[in-house]
Student: 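The structure follows.
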Protein chains: 2
Amino acid sequence: MATIKDIAKKAGVSITTVSRALNGYSDVNEDTRKKIVETAKLLNYSPNTIARSLVMKKSKTIGLLVSGFIRENAKDNFTIEVMTGVNDYASQTAYDIVLFTTNSSKQREKTYTQLCKERKVDGVIIQGIRTDDPYLDEVIEGEIPCVLVDIPKIGKHAGYVSTDNYAGAWEVGEYLAGLGHTSIGMVNGHEFAFVSQERLKGFKDSLIQKDIKLSDDRISNGDFTEESGGRAALQLLEDNPSTTAIFCASDLMAIGAMTALKSRGYRIPEDISIVGYDNILLSRYVQPGLTTISQDTYGLGYEAAKLLIDMLDHEGEPRKTIVLHELMERDSSAKV
Amino acid sequence: MATIKDIAKKAGVSITTVSRALNGYSDVNEDTRKKIVETAKLLNYSPNTIARSLVMKKSKTIGLLVSGFIRENAKDNFTIEVMTGVNDYASQTAYDIVLFTTNSSKQREKTYTQLCKERKVDGVIIQGIRTDDPYLDEVIEGEIPCVLVDIPKIGKHAGYVSTDNYAGAWEVGEYLAGLGHTSIGMVNGHEFAFVSQERLKGFKDSLIQKDIKLSDDRISNGDFTEESGGRAALQLLEDNPSTTAIFCASDLMAIGAMTALKSRGYRIPEDISIVGYDNILLSRYVQPGLTTISQDTYGLGYEAAKLLIDMLDHEGEPRKTIVLHELMERDSSAKV
DNA sequence: TTGTATGCGTTATCAT
DNA sequence: ATGATAACGCATACAA
């Protein structure tokens, strides 16, 4: 591997000059620069980013910390879409991405911050972390610039990107009420996700507006998995046989609910309307097509990277970015 | 950020001793070690991997080079599953993953090898690269240890993981012939993928065994997209109206074919049997469920990481690893 | 416009 | 068992 030292020797200049020439400084003679660039090419030189990082104290890498990057979750293309967005923006910049993952299974012997500190990432994007994660605060209060996905917390060095989950759920409420439903239930995700809390609030509030009360026995909790959605939906119908519409806080749970209900002989949407949240890939393919709130997941990742890199490169303030959502009406919902 | 220097000062020893103590060398007094470890904790020390990399000439990172990590491809969970496998194995080791991506759109100003050289990755896993990619040879002949996914080429520092595409396609041939089909067509992917070539060969050869000839006008090429699969299938039926079974070289194309055929009034599998390849997530959800060859995609990634890291850590020879495949019979195929 | 010298945080060599 | 010192490859303050 050729170094600037080799170039210097070959070109008969000092390493300082080589460094400056290659980095486009103005105070270097055009002729010497030309010669240097030439010999650099000749020696097939490529800069050693590691050495550069060491002296610059900037690694030009951002960490992408994702939980739920596990086999079982591949169904949910949420993660991959966010990653794609992050990657697309980052690849327009000088930053590379290093992947950190946390299977909840492997007890992490190292905390996030430790991982980040050791690898010297300049900043980090965090996705899929639970609100009860012991390290969440450590991250938000920490020194490492970070952007959270779907966790609305701002710190000294922490911003976030999210969608307006309250508004999205509100729209579902309006929509179902508009279809004439009055006996409505909700399958929510676990309480350790901000989105669960928001979606519940928004849904509840919009129904109240329509004089529909979402009492506690009309709310059943799953944990965002397909299977749990089915279970929760059945529970819901057992407690409230009159229910004609169910809002599920995630598409995966909605799909689980549909499967479970169909197997019990319910027709969708004739007997029960189902609405999901996320607009994952599958929701378009299941039978019937799932009515849901579409989020710009890709945009979530893209904006996260943009926000973080802005914080890094231009000392931008940590802030929030809200990306859009939209109700996608398909065939799983109908007038009562 | 505390460094070993700080620890040395505070503990009243030399940096050499600190380094050795922290790295578990045996030639350091237990008491001094204890003191050093203590003050390290006290100062909230974490090693600077960058400095370490510089002197060790090992970055303990592997590059994950994926093409097709783009928005449109999210459907195809192949990429994400491979990545998950890679990640799962790597996370058991000391290696971190840095993500390189090549949208064919962005003209890469830097070649793969350049990216790898600059970031000083110790090795690289390459996925989704086309056989006509100008840099493929550069990689295989290059000095950087690498493992290719689904490209059966071995070099001095290059191994690969793949499935037996020939055998998989062969089984499809046997299967369709066994169902009584004699008028059979194939929708292949583009020629710049090894898998296309292999799948074609395997399919053709197995049919020959059954005295069924797959003439050229019974082969129509798509480019692995859903839409192209639909187009190719229609073309096929136009040229050979008697066709009763179509083997598509990817599930996505098979799904496109099903959609297109259904829209033309063909019933599947009553009129036409469709078989895919890949067993992507969707294939289980479309109507009818798609018969296909399932590959252990996760295993592909897992084994790739394993092979690469073996090459890195134990100077393992570059070699190949073949992961299993299996015919998944669903409802898109039936007796003629 | 160019060169000298120093340091980034670590590991490794060679003394002691 | 421990410490001085020299690397690793690069950027930069300062001098010339």
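What you are looking at is a predicted structure, and each value in this text was computed from that prediction instead of being measured. Naming: A, B, ... by sequence-line order, numbering from 1 per chain.
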Student: Does A/Lys117 have any side-chain contact (heavy atoms from CB on, under 4.5 Å) partners at least two apart in sequence or in another chain, and if so, which?
Tutor: A/Ile144, B/Met1, B/Asn44, B/Ser46
Student: Quick one, give me the B/S/- string for nucleotides 8-16 of chain C, reading 5' to 3', where B means a protein heavy atom under 4.0 Å from the base and S means that only happens at the primed atoms, P, OP1 or OP2.
Tutor: BBBBBB---
Student: Is B/Thr32 near enough to D/dT2 that one of its side-chain N or O atoms lies under 4.0 angstrom from OP1 or OP2?
Tutor: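 For D/dT2, OP1/OP2 do have a side-chain N/O of B/Thr32 under 4.0 Å.
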Student: Look at the side-chain N and O atoms of B/Thr17 and state whether any lies under 4.0 Å from the OP1 or OP2 oxygen of D/dG3.
Tutor: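 B/Thr17 to D/dG3 OP1/OP2: side-chain N or O found under 4.0 Å.
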Student: With sequence neighbours left out, what residues match A/Tyr89 under ring-ring contact (aromatic ring centres under 6.0 Å, His included)?
Tutor: A/Tyr302
Student: Does B/Asn23 have any side-chain contact (heavy atoms from CB on, under 4.5 Å) partners at least two apart in sequence or in another chain, and if so, which?
Tutor: B/Ser19, B/Tyr25, B/Arg52
Student: If I take atom CG in residue A/Asp27 and atom P in nucleotide D/dA15, what distance separates them, rounded to the nearest angstrom?
Tutor: 16 Å
Student: Describe, as an angle rounded to 10 degrees, how the axis at the first end of the helix from C/dT1-D/dA16 to C/dT16-D/dA1 is tilted relative to the axis at the last end, five pairs per end.
Tutor: 40°
Student: May I have all residue pairs that pass salt bridge (charged side-chain N to carboxylate O under 4.0 Å, His left out) and include part of residues 26-39 of chain B, sequence neighbours excluded?
Tutor: B/Glu30-B/Arg33
Student: Rounded to the nearest angstrom, tell me the gap between atom NZ in B/Lys35 and atom C1' in D/dA1.
Tutor: 13 Å
Student: Main chain of A/Glu191, side chain of A/Gln197: is a donor-acceptor contact present, judged purely on distance under 3.5 Å?
Tutor: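 Yes: the side chain of A/Gln197 pairs with the backbone of A/Glu191.
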Student: Can you tell whether the side chains of A/Lys306 and A/Asp88 come within less than 4.0 Å, N to carboxylate O?
Tutor: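 No.
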Student: Atom NZ of A/Lys58 and atom CD1 of B/Ile50: how far apart are they, to the nearest 0.5 Å?
Tutor: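 Nearest 0.5 Å value for the NZ-CD1 distance: 12.0 Å.
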Student: Has the side chain of B/Asp96 got a donor or acceptor atom that lies under 3.5 Å from a matching backbone atom of B/Thr61?
Tutor: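 Side chain of B/Asp96 to backbone of B/Thr61, a donor-acceptor pair under 3.5 Å: no, none is there.
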Student: If you look at every strand shown and take non-hydrogen atoms under 4.0 Å, does B/Ser53 touch a base, only sugar-phosphate, or nothing?
Tutor: nothing
